[in-house]
Each structure stands twice: as structure tokens, then as C-alpha cells.
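Report on the structure given below.
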Amino acid sequence: MINNLFLSVGAMKAGTTWLYEILKDHPDVKFTPEKEIHYFANKVGIENQLNFRNRILKLKDILQKYHNGNAKYISENLDEIAWYVKYANKSIIDNEWYISLFDDLPESKYFADFSNLYCQMDHAGWANVEKISINNKVIYTLRDPLKRLWSHYKFHHKWVGKEDDVLDDGIELFKETLNKDWFINNADYAKNLMLLRESIHKDNLMVLYFEDFRDDPQQQANDIADFLNISSINIDSEVASKKVNATKDYKMPVEWEEYALELLRPLIGSMKEQKIWHEKWNDYES
């Protein structure tokens, strides 16, 4: 088993990459070369990103990355290549496979795994987490729902190589994308947080807000260090102001915003009922 496992579970475009940036070089936290493994979500059928073919292709990309097999570059990057060999090794993945992806650490250290899919898991998914780790800590990051949705949409366009076509692709594609399960599930904070609270002990779950660590990153870093019981996280001014995975600053057209809010309003009502609405978020019901 893994002694200490730290899972960052989303929401998408709500600051998880910022969280990664402040922890990636921390002496008490260990990341694998693949930041987002998605194992637990794949195990319960939320996604199938970890099928054998995809993992083999990932290994192929790594080998090609190092100058198509140039011996000098391979010798200088053996640790990373060896990790991806383990990653691609089994045709059918299981808990033993997942544990093998992490090197041994002292009991006080955390292994870290980031996945915005984990917040969508039910009890079965979290029961499997308990089978693998003795102590697990979970952070769920949230952001103003409309701003997050728009950032997510722009990021998806960037991911598929169409960053410059966000507006030109038109409102019909916007509507179609928003109604995809994989997209709108990221916006359902209340449902996701309810699943987390039902499956994780309250002392092991932390909710963070994008707006708070933008306004006071060092205080948020202090709170994260206390939550994980690790040494201090010191943030310099460059990290505090750095934008990661930024998208182009397109303004959402009025008609698009009206449609997005039509979808979001029932979810917003649930957020307010569960008292997870942040005072810095816009009041979209007024």
C-alpha cells in the first residue's frame, strides 16, 4: 500500500495547475512524470484513457522525444523512460499496477496524483482509494462557475488545436459542447462535493477557491501545508502572479453567456443550498 496519497480532484480550470506549480518541487510531495494518471476514475468507468493502446502510444512519444532513440539522450533520461515502461507494461491495469508507478518514500512523504475526474467518483471509486492508501488527503478547487465554464471551453479549443477558432466556430458548437457529460459534470460543484463528503472523512477533504489563492496565495499555501501536515510552502512573487495554462482573452458573446447561465442556474441554486457559494463570485440570479 501507499502510506500517504494526496489527490487533487478538480474542478477543471479552477486552479489545479497552480496547486501543482507550488507543490511540484516540495521535498515532502512526490509527483510521477505523468501528473494526471486518472487511474481511479478509469477503474470505475468514468473514462477509458488508460487503455493499453493509449499507454503504449504515450511510451512511444517519450522514446521519440529523446531524439528517436539516440543513446546519449536515453542514458541521460533513464528514470523517466523506465517509469513510462512501467506505465505501459500491463494490458489490464489494477491496484498493483498503480502502486508500482510510485517509488518508495519515507512514511512522512506524500505521493501526488491530480485528476479532475476523481470528484465525479461514487463510493466504489473512493473505496478503491482506501484499499491502496493508508492515509489519503483530497483537495477540491472551485471557481466562479461562469468564468470557469468559459475558461474550460477555451481551453478545450486550445487542446484540440483550434484556439484561434473559439468564436468563429459559432454558438451551435458551444451549445453542443456544454451539453456533453464530460463538460457539464465539471460544473456541477454541489453534486461532486456531495459525493466527496459522503465518501471521504471531513478531516481529509479540503475545499479551495480560485479567487482566494489569487488574492492571497501565501495564506492559501500556508493552509495547504497545514492540511497536508508538511513543511512550509513559500511562494515568491513570480509564482504568485504567474498564469498557467492560460487561454486567449476572448470575451464571451452575450447570447452565449445567456445560454450558459440557463444551464448553470439549477446548479447555482444547489451550490447556494449547500453553502459553497463564494462571496467573490458574481450573483448570476439577480
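Remember, it's a predicted structure, so these values are computed and weren't measured experimentally.
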Going by heavy atoms in the side chains, are [X] and [Y] under 4.5 Å from each other?
| X | Y | result |
| --- | --- | --- |
| Gln64 | Asp61 | yes |
| Pro145 | Met271 | yes |
| Glu47 | His38 | no |
| Arg197 | Gln274 | yes |
| Ile276 | Val207 | no |
| Asn3 | Lys109 | no |
| Ile139 | Phe6 | yes |
| Asp28 | Leu228 | no |

(request) List the steps, then state whether ring pair (Phe, Tyr, Trp, His ring centres under 6.0 Å) holds for Trp83 with Tyr87. (result) CA-CA 6 Å; Trp83 187 88; Tyr87 177 78; 5.2 Å; yes
Contact summary for [X] and [Y], nearest pair of heavy atoms:
| X | Y | result |
| --- | --- | --- |
| Leu101 | Thr32 | O-CG2, 3.6 Å |
| Ile235 | Gln218 | N-OE1, 3.0 Å |
| Asn116 | Gln120 | O-NE2, 4.0 Å |
| Ala225 | Ser232 | CB-CA, 4.5 Å |
| Asn54 | Asn48 | ND2-O, 4.0 Å |
| Phe227 | Asn204 | CZ-O, 3.3 Å |

For [X] and [Y], indicate whether the former's side chain and the latter's backbone hold a donor-acceptor pair under 3.5 Å.
| X | Y | result |
| --- | --- | --- |
| Asn185 | Asp181 | yes |
| Ser133 | Glu130 | no |
| Lys86 | Ser100 | yes |
| Asn42 | Gln49 | yes |

Is it true that [X] and [Y] fall in one hydrophobic cluster, defined by side-chain heavy atoms closer than 4.5 Å?
| X | Y | value |
| --- | --- | --- |
| Leu7 | Ile134 | no |
| Met194 | Met206 | no |
| Trp159 | Leu57 | no |
| Ile62 | Phe52 | no |
| Leu208 | Leu195 | no |

How long is the gap from [atom1] on [X] to [atom2] on [Y], to the nearest 0.5 Å?
| X | Y | atom1 | atom2 | value |
| --- | --- | --- | --- | --- |
| Glu80 | Ile74 | CD | CD1 | 12.0 Å |
| Asp215 | Lys280 | CG | NZ | 3.5 Å |
| Arg143 | Tyr189 | CZ | OH | 8.0 Å |
| Tyr153 | Leu173 | OH | CG | 4.0 Å |
| Phe213 | Gln219 | CZ | CD | 14.0 Å |
| Cys119 | Asn186 | SG | CG | 6.0 Å |

(request) Can you sort out the partners of Asp223 under salt bridge (charged side-chain N to carboxylate O under 4.0 Å, His left out), two or more places apart, ordered by chain and number? (result) none
(message) One pair to check against side chain to side chain contact (heavy atoms under 4.5 Å, CB included): Thr141 and Trp18. What are the steps and the verdict?
(response) CA-CA 11 Å; Thr141 54; Trp18 179 87; over 6 Å; no
Determine, for [X] against [Y], whether the closest basic-nitrogen to carboxylate-oxygen distance falls under 4.0 angstrom.
| X | Y | value |
| --- | --- | --- |
| Arg265 | Glu262 | no |
| Asp203 | Lys137 | no |
| Asp144 | Arg148 | no |
| Asp113 | Lys35 | no |
| Lys43 | Asp94 | no |

(request) Please list, chain by chain and in numerical order, all residues satisfying ring pair (Phe, Tyr, Trp, His ring centres under 6.0 Å) with Tyr98, sequence neighbours excluded. (result)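 Here the qualifying residues are Tyr39, Phe40, Phe102.
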(message) For a side chain to side chain donor-acceptor pair (under 3.5 Å) check, start with the C-alpha distance between Tyr110 and Asn135, then their side-chain angles and the critical distance, and finish with the verdict.
(response) CA-CA 9 Å; Tyr110 274 93; Asn135 171 50; 3.1 Å; yes
(message) With side chain to side chain contact (heavy atoms under 4.5 Å, CB included) as the test, pick out the partner of Leu142 among Trp281, Phe210, Trp277.
(response)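 Of Trp281, Phe210, Trp277, side chain to side chain contact (heavy atoms under 4.5 Å, CB included) with Leu142 is met by Trp281 alone.
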(request) Let me know which of Phe183, Tyr250, Trp256 forms a ring pair (Phe, Tyr, Trp, His ring centres under 6.0 Å) with Phe174. (result)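 For Phe174, the ring pair (Phe, Tyr, Trp, His ring centres under 6.0 Å) test succeeds with only one of Phe183, Tyr250, Trp256, which is Trp256.
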(request) Kindly state whether the ring of Tyr118 and the ring of Tyr140 have centres lying under 6.0 angstrom apart. (result) no
(message) Run His156 and Lys162 through side chain to side chain contact (heavy atoms under 4.5 Å, CB included) and show every step you take.
(response) CA-CA 9 Å; His156 176 67; Lys162 301 189 69 179; over 6 Å; no
(request) Check the surroundings of atom CG in Asp168: do more than 12 heavy atoms from other residues, nucleotides or ligands lie under 6.0 Å from it? (result) yes
(message) For Leu78, I'd like to know if atom CG has over 12 heavy atoms of other residues, nucleotides or ligands within 6.0 Å.
(response)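 Result for CG/Leu78: enclosed.
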(request) Could you please spell out the steps behind the side chain to side chain contact (heavy atoms under 4.5 Å, CB included) verdict for Trp126 and Leu196? (result) CA-CA 9 Å; Trp126 289 105; Leu196 292 171; 3.4 Å; yes
(message) Does Phe111 form a side chain to side chain contact (heavy atoms under 4.5 Å, CB included) with Asn136? I'd like the steps, not just the answer.
(response) CA-CA 9 Å; Phe111 289 122; Asn136 50 81; over 6 Å; no
(request) Given side chain to side chain donor-acceptor pair (under 3.5 Å), test His157 with Asp165 step by step and report yes or no. (result) CA-CA 8 Å; His157 257 66; Asp165 301 325; over 6 Å; no
(request) Identify whether NZ of Lys or CZ of Arg in Arg55 sits under 6.0 Å from the centre of the six-membered ring of Trp97 and within 45° of that ring's axis. (result) yes
(request) Using side-chain contact (heavy atoms from CB on, under 4.5 Å) as the criterion, list what pairs up with Leu263, not counting sequence neighbours. (result)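 With sequence neighbours excluded, Leu263 shows a side-chain contact (heavy atoms from CB on, under 4.5 Å) to Leu178, Asn179, Tyr259, given in chain and number order.
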